[in-house]
Amino acid sequence: MISIKHLSKTFTNPDGTQITVLKDVNCEIEKGEVISIIGPSGTGKSTLLRAINMLEPPTGGEIWVDGENIMAKGYHLDKLRQKMGMVFQNFNLFDHLTVLENITYAPTRLLKLPQEEAQKEALELLNKVGLAQKADVYPSSLSGGQKQRVAIARSLAMHPEVILFDEPTSALDPTMVGEVLSVMRQLAKEGLTMLIVTHEMRFARDVSSRIFFMNEGVIYEDGTPQQIFEHPRRSATKAFVNRIQKLVFEIDSNNFDFLSADTEARRFCIKYDLGAKADLIADVAEEMLFTHLKDIRPITVRLTHTELTSETALDFMVEGATASPLPQGPAMDGIRAKVKQVVEEPTTRGFRVKILL
Ligand code: ADP
Ligand code: MG
């Protein structure tokens, strides 16, 4: 359905310097595929999506859609706009139009659908994304997750053959990521062709038929989710997919704002889907900081999560210490019984107590 050959994109800055963002991108995308594009930021993922739908015309190579070269002179971009929907990080809804009007806008103008028919279909689509009751409100009264679901419904209203998603959940509060991903999961199940730039690794692993790992302006490695996440061939791919998410708190005294740290930790847990561990983390952190390590300040507390292996740990690091700050004897038994493991180990700068949850 889409065939990309030696695609390149070079930007020329106002001062004449050039930056080549896409070097030589090649891929074939079949109808019904769900492809997640992952990779470090700045590697050209957005530029690739914008090139594919000609929002940012490429500087070299070819893009074929349904057997036609869309970069050829004389190709009508209107045709492409109908075949290809796009969902942006920041929703891009029309703020002065109601939710319903946002959805009927393009079908009535571009597809020349009668108003009544467009409205009927818009309501069906709103129902599909769980927002039938919001038809008559303005986008400003919606949450981020609701706005993004409207944006998806708006895109579906054009009956595109493929929808390109550019980090559709990155601008959302973590509590709202799930509602958008579940709509996207449903679309994937229904067989819609989707190209999704995302940082949601578990989602990518679950829904995708293929993963493109972008790095240094090329598709550096591609394969099934199993190949990319479990048996990556190249070391940069491996490092990226095994990366660790961290939240760090430097606690220098008991005037530290523990309540907002707790809020941040809970957000982190929602974001990485650690729901069940959130209370345990709070519980262990509190007991450690106010009982076993209460006299140790400053102390650095680090919450880490390895998405792919689902390993979560709380580290308590004491700079300059040469021995474990933990009390000896049975004092820690309560914590040990609740967690997977407590590791006490020297580091290059001091001593660390690592609690695996
Ligand atoms: P990603 O989506 O992977 O984070 P982008 O495609 O947004 O990466 O950007 C890749 C690189 O291209 C970045 O270094 C960015 O600064 C540069 N870039 C993107 N758009 C432009 C532009 N319009 N002009 C100049 N440089 C750009
Ligand atoms: Mg981007």
Side-chain angles (χ1 to χ4, degrees), residues 38 40 174-175 177-178 199-206 228-230 232 235-254 256-357:
I38 61 171
T175 57
V177 169
H199 288 290
E200 305 286 342
M201 293 297 139
R202 270 206 234 173
F203 168 78
R205 187 173 57 177
D206 294 350
I228 297 295
F229 291 122
E230 282 155 44
S235 62
T237 315
K238 195 169 176 175
F240 183 81
V241 300
N242 288 313
R243 74 205 199 289
I244 298 172
Q245 308 295 343
K246 300 191 195 67
L247 195 57
V248 180
F249 303 102
E250 309 277 352
I251 300 174
D252 40 16
S253 77
N254 284 333
F256 181 80
D257 187 352
F258 290 102
L259 285 176
S260 70
D262 183 57
T263 305
E264 252 187 272
R266 285 179 188 277
R267 282 180 172 274
F268 182 92
C269 289
I270 293 168
K271 182 159 183 192
Y272 298 110
D273 218 359
L274 311 181
K277 288 180 183 167
D279 287 334
L280 179 62
I281 290 167
D283 198 31
V284 169
E286 183 179 345
E287 183 173 335
M288 291 295 286
L289 289 169
F290 298 114
T291 306
H292 310 306
L293 303 173
K294 70 176 187 311
D295 299 323
I296 303 194
R297 302 287 184 270
I299 187 164
T300 302
V301 181
R302 199 171 68 164
L303 175 58
T304 63
H305 179 65
T306 312
E307 269 182 281
L308 213 54
T309 55
S310 279
E311 268 176 13
T312 312
L314 257 179
D315 293 343
F316 298 85
M317 299 180 293
V318 191
E319 205 168 308
T322 52
S324 174
L326 286 184
Q328 299 303 303
M332 284 285 294
D333 286 357
I335 283 190
R336 282 184 210 276
K338 285 189 275 198
V339 304
K340 289 196 182 129
Q341 206 186 350
V342 178
V343 182
E344 296 164 78
E345 57 191 7
T347 66
T348 48
R349 294 170 56 194
F351 208 91
R352 167 168 63 208
V353 178
K354 186 178 200 69
I355 301 185
L356 296 167
L357 298 146

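Just the heavy atoms: all of them, side chains too, but no hydrogens, waters or symmetry mates, feed the values below. Model, not experiment: these values are computed from the prediction.
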Are K354 and E311 close enough, and set up right, to give a salt bridge (charged side-chain N to carboxylate O under 4.0 Å, His left out), and what steps lead you there? CA-CA 12 Å; K354 186 178 200 69; E311 268 176 13; over 6 Å; no

Return the minimal non-hydrogen interatomic distance between Q245 and Y272, and the atom names on each side. OE1-OH, 3.1 Å

Nearest 0.5 Å please: distance from the NZ atom of K340 over to the CD1 atom of I355. 13.5 Å

Do you know the tightest heavy-atom contact between V353 and M288? CG1-CE, 4.1 Å

Testing the basics here: between A265 and L247, what is the closest heavy-atom pair and its distance to 0.1 Å? CA-CD2, 3.7 Å

Could you check whether any side-chain heavy atom of V342 comes within less than 4.5 Å of a side-chain heavy atom of M332, counting everything from C-beta outward? yes

Is it the case that over 12 heavy atoms from other parts of the model lie below 6.0 angstrom from the CZ atom of R349? no

What is the ring orientation for H199 with F240, classed by angle as parallel under 30°, tilted 30 to 60°, or perpendicular over 60°? tilted

Could you tell me the separation between the CD atom of Q341 and the CZ atom of R336, rounded to the nearest 0.5 Å? 10.0 Å

Working to the nearest 0.5 angstrom, can you tell me the gap between E287 CD and H292 NE2? 3.5 Å

At their closest point, which heavy atom of F249 faces which heavy atom of E264, and how far apart are they? CE2-OE1, 3.9 Å

First locate atom CZ of R297, then atom CZ of F256, and finally report the distance between them rounded to the nearest 0.5 Å. 9.5 Å

Could you pull out every donor-acceptor pair under 3.5 Å between side chains of residues 277-286 and any protein atom, sequence neighbours left out?
| unit_1 | atom_1 | unit_2 | atom_2 | d |
| --- | --- | --- | --- | --- |
| K277 | NZ | S310 | O | 3.3 |
| K277 | NZ | T312 | OG1 | 3.0 |
| D279 | OD1 | R266 | NH1 | 3.0 |
| D279 | OD1 | R266 | NH2 | 3.4 |
| D283 | OD2 | K338 | NZ | 2.9 |

Step through the shown structure and confirm whether more than 12 heavy atoms of other residues, nucleotides or ligands are within 6.0 Å of CD on E345. yes

Heavy atoms only: give me the nearest P325-F351 pair and the separation to one decimal. CD-CD2, 3.8 Å

